[in-house]
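Quick note: residue numbers are just sequence positions, from 1.
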Amino acid sequence: MAPEPKILELSNGRITARIASWGATITSLLVPDADGNVADVVLGFDDLEPYMKGISPYFGCIVGRVANRIKDGKFALNGAEYSLPINNGPNSLHGGLKGFDKVVWDVIEHKDGECPSITFQYHSKDGEEGYPGGVTVRATYSLPEATTLRLDMEATPHDKATPISLAQHTYWNLAGHNSGDILNHSVQIWGKHITPVDENTIPTGEIMPVEGTPFDFTTEHKIGERITDVPGEYDHNYVLDCGDEKNGVKHAAKLRDPSSLRTLDLWTNAPGMQFYTANYVSGITGKGGAVYEKHAGVCLETQGFPNAINQPNFPSVVVQPGEKYKHTMLCEFSI
């Protein structure tokens with residue numbers, strides 16, 4: 001029998017995260033502002049039932065085996081053809097009908113002390129959601145500094161080469177999850193290029209410079225400033241190609257809320273980041289009865305490029321047996 005899903009707490013006295021074993025999901029994250037006022041800066045639900053009933057549009061979870069979209073739910077690998085469940089227009093999205101966000105992960109370690117952490121583990125079987133080979137996945141959330149949340153994701157194929165690209169799908173609202181839209185938030189993204197998409201939000205294969213377009217966040221801009229100039233609004237993968245590096249991770253994005261002055265600096269070792277402005281969220285009742293509408297949060301999903309398994313010019317997401325997939329995110333909060 002699978003274990004009952006539960007919500008665990010991670011706290012260091014400055015920030016407090018609640019993380020569920022269902023989907024390794026961040027359900028709340030309490031962060032102070034300049035005056036010491038604490039707000040919950042992630043969208044989500046008070047208990048696990050809405051997540052388990054499929055009401056959540058991927059709030060706070062880890063998505064996989066392959067995050068984002070795979071064109072027509074098909075790919076070929078080592079001479080074999082694979083078909084995945086179609087769950088997003090003509091595409092397979094975020095691992096399929098029952099991806100890593102819709103399963104119970106085992107809690108294999110929960111540490112308090114100087115660097116509190118929780119490690120989750122999940123075994124994905126050969127053929128699960130159409131993917132080849134068994135994979136063991138681990139995700140460790142930790143609080144290494146007073147106002148830093150770190151996530152380390154690892155995945156090891158057992159016996160077959162398989163695509164692996166995990167993403168953490170938190171919807172951020174630094175003013176507080178119940179404070180309305182994020183169009184006034186400003187963002188800077190350390191990406192000079194995006195992977196433009198077709199009418200089904202599948203990358204065309206092109207790597208397009210952002211200079212002179214509404215996708216240019218190489219300097220800080222308000223999210224709402226040019227959003228209406230983008231057909232379908234922001235739901236695009238940025239090539240993380242110009243950020244400073246430190247300790248093996250590079251600067252991906254800086255998100256700032258002008259009302260609370262809370263700032264999130266995101267660092268990662270992933271090659272891409274999906275910038276998504278909650279365009280499809282509509283009338284979802286979340287924590288404390290808050291109703292989340294369009295643009296209620298913003299996602300900064302560090303990842304491999306979408307549909308990379310079918311695009312030879314994108315960085316490969318195929319992991320061989322004996323190799324280990326590693327993906328780190330650092331979320332640094334400041335005021």
Side-chain angles (χ1 to χ4, degrees), residues 58 61-71 75 88 91-95 99-101 137 139 151-155 162-172 187-198 200-211 213-218 223 230 232-246 248-255 264-279 298-319 325-331:
Y58 303 101
C61 57
I62 291 178
V63 292
R65 181 172 308 189
V66 175
N68 217 304
R69 294 168 179 88
I70 292 180
K71 185 178 182 179
F75 66 91
N88 176 258
N91 311 313
S92 189
L93 176 69
H94 291 332
F100 294 176
D101 60 301
V137 191
L151 172 59
D152 292 287
M153 295 178 275
E154 295 185 349
T162 189
I164 302 173
S165 176
L166 308 179
Q168 215 297 338
H169 208 297
T170 286
Y171 288 70
W172 301 100
V187 71
Q188 184 173 358
I189 299 174
W190 277 270
K192 292 181 179 175
H193 301 81
I194 61 161
T195 51
V197 294
D198 66 15
N200 294 315
T201 327
I202 289 288
T204 61
E206 187 189 353
I207 307 281
M208 183 186 95
V210 297
E211 190 177 356
T213 76
F215 296 103
D216 190 347
F217 288 97
T218 51
I223 291 173
V230 177
E233 303 183 339
Y234 295 114
D235 190 8
H236 296 76
N237 172 62
Y238 278 73
V239 180
L240 299 177
D241 53 9
C242 56
D244 291 339
E245 285 207 27
K246 67 170 186 184
V249 289
K250 57 194 171 187
H251 214 166
K254 180 193 285 281
L255 183 68
L264 164 60
D265 278 284
L266 178 62
W267 300 72
T268 188
N269 61 348
M273 184 188 78
Q274 191 81 2
F275 177 58
Y276 170 55
T277 45
N279 313 323
V298 57
C299 300
L300 305 168
E301 306 158 55
T302 65
Q303 57 172 14
F305 293 3
N307 198 38
I309 189 67
N310 291 312
Q311 284 290 356
N313 61 317
F314 286 0
S316 176
V317 293
V318 175
V319 185
Y325 165 92
K326 290 186 172 184
H327 180 175
T328 294
M329 290 172 67
L330 284 180
C331 301

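Under the rule for a salt bridge (charged side-chain N to carboxylate O under 4.0 Å, His left out), Arg65 has no partner lying at least two apart in sequence or in another chain. Partners of Ala270 under the side-chain contact (heavy atoms from CB on, under 4.5 Å) rule, at least two apart in sequence or in another chain, are Thr268, Thr302, His327. Listed by chain and residue number, Val135, Val137, Ile164, Tyr325 satisfy the side-chain contact (heavy atoms from CB on, under 4.5 Å) test with Ala155 (two or more places apart in sequence, or in another chain). Every residue two or more places apart in sequence or in another chain that forms a side-chain contact (heavy atoms from CB on, under 4.5 Å) with Asn237 is listed here: Thr195, Gln274, Gln303, Phe305, Pro306. Every residue two or more places apart in sequence or in another chain was checked for a side chain to side chain donor-acceptor pair (under 3.5 Å) with Asp101, and none qualifies.
Looking only at distances, a side-chain donor or acceptor of Gln188 sits under 3.5 Å from a matching main-chain atom of Thr218. Counting only distance, with no hydrogens or angles, the side chain of Ser316 and the backbone of Val318 share a donor-acceptor pair below 3.5 Å. Looking only at distances, no side-chain donor or acceptor of His251 sits under 3.5 Å from a matching main-chain atom of Trp267.
Taking all atoms of both residues into account, the shortest heavy-atom contact from Tyr234 to Ile223 is CE1-O, 3.7 Å. Shortest non-hydrogen contact noted between Glu301 and Ala167 is CB-CB, 4.3 Å.
You'll find the side chain of Leu255 stays beyond 4.5 Å of the side chain of Leu266, heavy atoms only. In this structure, Val230 and Phe215 have side chains that are in contact, with non-hydrogen atoms separated by less than 4.5 Å. Ile194 is not listed as a side-chain neighbour of Thr213, based on a closest heavy-atom distance of 4.5 Å or more.
Applying the salt bridge (Lys or Arg N to Asp or Glu O under 4.0 Å) definition to pairs two or more places apart or across chains, those involving residues 264-278 are Lys254-Asp265.
Within 6.0 Å of CD in Glu211 there are 12 or fewer heavy atoms belonging to other residues, nucleotides or ligands.
Between the CZ atom of Phe100 and the CE atom of Met153 there is a distance of 11.5 Å, given to the nearest 0.5 Å. Within the model, atoms CG of Asp235 and SG of Cys299 stand 8.5 Å from one another, a figure rounded to the nearest 0.5 Å. Taking CG of Leu300 as the start and OH of Tyr238 as the end, the distance is 10.5 Å to the nearest 0.5 Å. Of the inter-residue distances, the one linking Glu233 atom CD with Asn279 atom CG reads 5.0 Å to the nearest 0.5 angstrom. Rounding to the nearest 0.5 Å gives a distance of 10.0 Å between OH of Tyr171 and OG1 of Thr277. Taking CD1 from Ile62 and CG from Leu166, the interatomic distance works out to 7.0 Å, rounded to the nearest 0.5 Å.
Residues Thr328 and Asp152 bring a donor and an acceptor atom of their side chains to less than 3.5 Å of each other.
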